[in-house]
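As the structure lists them, so they are numbered: ligands from 1, and atoms in each ligand from 1.
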Amino acid sequence: MVEIPKSHPRYWSLYYREKIIEGMEKGITAKAGLIAHGRGEAFDYIIGERTIEPAERAMKAAVAKLLLAEHPVISVNGNVAALVPKETIELAKTLNAKLEINLFYRTEERVRAIAEELRKYDPEIELLGINPTKRIPGLEHERGKVDEKGIWRADVVVVPLEDGDRTEALVGMGKFVITIDLNPLSRSARMADITIVDNIVRAYPRMTELARKMKDYSREELLKILEEYDNGKTLSDVLVHMRDRLTQLAEEGIWRKKELES
Ligand code: PTJ
């Protein structure tokens with residue numbers, strides 16, 4: 001990994017970019033994962049590289065749903081394994097959710113590399129998706145493979161940084177789908193039941209924090225959070241945030257400004 005000086009004004013952005021490149025070199029991340037990451041970076045710039053209120057609201061609803069779920073499953077792909085392997089395990093353990101390696105560009109080598117990466121952080125962790133025997137209806141072979149003990153029987157699935165077609169197919173199977181996607185306009189963002197428009201590197205640690213706190217909530221309290229949640233409104237609020245931030249920056253001017261308002 002290229003050494004990035006901590007003093008660099010874009011340190012964290014460059015740090016995660018290196019993580020993705022390293023992930024690809026280790027056989028974890030798909031080549032298309034690099035493109036997906038760049039798209040995410042662009043939207044993060046517009047948001048202001050921080051967790052905005054609609055994302056916090058979506059995370060609370062998502063954690064409530066996951067705590068109420070009977071068979072919650074968190075899906076892991078090549079980008080997620082490169083960026084947040086430890087945080088993914090922490091979130092799954094806090095929520096008592098199963099982890100399933102589930103890839104859009106599935107190859108057995110990548111599944112093995114991802115499993116190896118995750119086991120560095122917990123050698124005992126149960127990982128599903130190694131030998132999937134079921135298929136999501138409507139998706140061609142490799143893209144539709146799921147684990148009978150995981151996504152197949154899950155009632156609630158977290159599919160971060162996901163392709164829209166697969167998100168839609170999961171919704172079609174009757175799953176409650178939670179996605180994390182920096183692009184509020186993506187098909188995944190529009191198809192999911194709960195859309196968290198935030199960078200996964202901020203979202204997973206925050207969701208773990210929320211889960212630790214909300215574990216003590218009563219069933220009624222969790223149900224109330226869900227009843228009051230409206231994903232359409234959340235997505236609209238994200239777009240309004242982006243519009244207002246761009247308007248504000250345009251009015252204030254950005255020429256030769258070292259820091260931007262977030
Ligand atoms: O590892 P695989 O084979 O399962 O493939 C993974 C990718 C991401 C390549 C695959 O699922 C794919 O092609 O996804 P898309 O359709 O490019 O969608 C990924 C979405 O994630 C895009 O809308 C990006 O804006 C968004 N995204 C990228 N990086 C982040 C992100 N969202 C949150 N946090 C990020 N760090």
Side-chain angles (χ1 to χ4, degrees), residues 12-21 23-52 54-55 58-59 62 74-85 87-88 91 99-115 117-118 129 132 136 139-147 151 157-170 177-192 194-207 235 238-239 242:
W12 287 111
S13 177
L14 294 175
Y15 172 83
Y16 286 113
R17 188 178 286 185
E18 282 303 319
K19 283 270 165 214
I20 283 285
I21 294 170
M24 204 197 72
E25 285 167 355
K26 284 192 201 162
I28 292 170
T29 309
K31 280 185 194 153
L34 301 184
I35 299 168
H37 185 78
R39 184 141 28 107
E41 281 181 337
F43 280 99
D44 211 9
Y45 242 106
I46 297 174
I47 285 168
E49 294 175 318
R50 67 178 179 87
T51 299
I52 58 175
M59 283 193 267
I74 300 178
S75 178
V76 185
N77 70 16
N79 285 50
V80 173
L83 293 173
V84 281
E87 293 80 359
T88 300
L91 180 63
L99 282 177
E100 174 163 345
I101 301 172
N102 192 266
L103 305 181
F104 185 74
Y105 300 101
R106 186 183 171 94
T107 67
E108 298 319 308
E109 294 72 34
R110 285 189 58 226
V111 172
R112 260 198 305 277
I114 292 169
E117 183 68 16
L118 293 172
I136 304 174
L139 293 181
E140 56 80 1
H141 199 60
E142 291 304 312
R143 285 171 191 184
K145 284 183 173 175
V146 285
D147 198 303
I151 291 177
V157 203
V158 183
V159 281
L161 287 61
E162 182 59 278
D163 164 77
D165 208 30
R166 299 205 320 162
T167 304
E168 196 176 359
L170 288 170
V177 177
I178 298 164
T179 194
I180 293 103
D181 193 328
L182 276 162
N183 177 4
L185 303 174
S186 77
R187 282 190 73 240
S188 265
R190 289 180 284 124
M191 292 302 151
I194 296 181
T195 309
I196 299 162
V197 183
D198 201 4
N199 196 320
I200 195 163
V201 306
R202 294 187 297 267
Y204 270 12
R206 178 64 187 143
M207 285 171 78
L235 283 175
V238 170
L239 293 176
M242 289 177 164

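The option from Val80, Val111, Asn77, Asn199 that lies nearest to atom 36 (N) of ligand 1, judged by heavy atoms, is Asn199. Residue Leu182 holds the heavy atom nearest to atom 32 (N) of ligand 1 of all those in Leu34, Leu182, Val201.
By the 4.0 Å heavy-atom criterion, Arg110 is counted among the residues contacting ligand 1.
The heavy-atom pair separating Pro132 from Val146 by the smallest distance is CB-O, 3.2 Å. Here the shortest heavy-atom pairing between Asn102 and Ser75 reads CB-OG, 3.3 Å. Across all their heavy atoms, Glu162 and Thr167 have their closest contact at CG-OG1, 3.3 Å.
Heavy-atom contacts of Asn183 reach the following atoms of ligand 1: 23 (O), 25 (O) (cutoff under 4.0 Å). Residue contact check: Leu103 has heavy atoms under 4.0 Å from atoms 1 (O), 3 (O), 4 (O) of ligand 1. Remark: ligand 1 atoms within the under-4.0 Å shell around heavy atoms of Asp198 are 33 (C), 34 (N). The Arg39 neighbourhood of ligand 1 comprises atoms 17 (O), 22 (C), 23 (O), 25 (O), with distances under 4.0 Å to a heavy atom of that residue. Residue Gly78 has at least one heavy-atom neighbour below 4.0 Å for each of these atoms of ligand 1: 1 (O). Set against the non-hydrogen atoms of Gly33, the atoms of ligand 1 under 4.0 Å away are 9 (C). Of all atoms in ligand 1, listed by their number and element, those nearer than 4.0 Å to a heavy atom of Leu83 are 36 (N). Ligand-side atoms of ligand 1 in range of Glu162: 18 (O), range being under 4.0 angstrom from any heavy atom.
With 3.5 Å as the limit, one finds a donor-acceptor pair spanning the side chains of Ser186 and Asp181.
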Check: Glu49 and Arg202: salt bridge (charged side-chain N to carboxylate O under 4.0 Å, His left out), yes or no, with the steps?
Finding: CA-CA 9 Å; Glu49 294 175 318; Arg202 294 187 297 267; over 6 Å; no
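The single protein non-hydrogen atom nearest to atom 4 (O) of ligand 1 is Phe104 N, 2.7 Å, given as residue, atom name and distance.
For the pair Arg110 and Tyr105, the NZ or CZ position fails the cation-pi test of under 6.0 Å to the six-membered ring centre and within 45 degrees of the ring normal.
In the displayed structure, Arg190 atom CZ is contacted under 6.0 Å by more than 12 heavy atoms of other residues, nucleotides or ligands.
Considering backbone and side-chain atoms together, Leu161 places an N or O closer than 3.5 Å to an N or O of ligand 1. In terms of polar-atom proximity, defined here as any N/O pair under 3.5 Å, His37 makes no such contact with ligand 1. Of the N or O atoms in Arg166, none lie within a sub-3.5 Å distance of an N or O in ligand 1.
The CD1 atom of Ile200 sits 5.5 Å away from the OG1 atom of Thr88 when rounded to the nearest 0.5 Å.
Put simply, the side chain of Thr51 does not reach to within 4.5 Å of the side chain of Asn199, judged on heavy atoms. Between Ile21 and Glu25 the shortest side-chain heavy-atom distance falls below 4.5 Å.
The presence of a protein heavy atom under 4.0 Å from atom 20 (C) of ligand 1 is confirmed.
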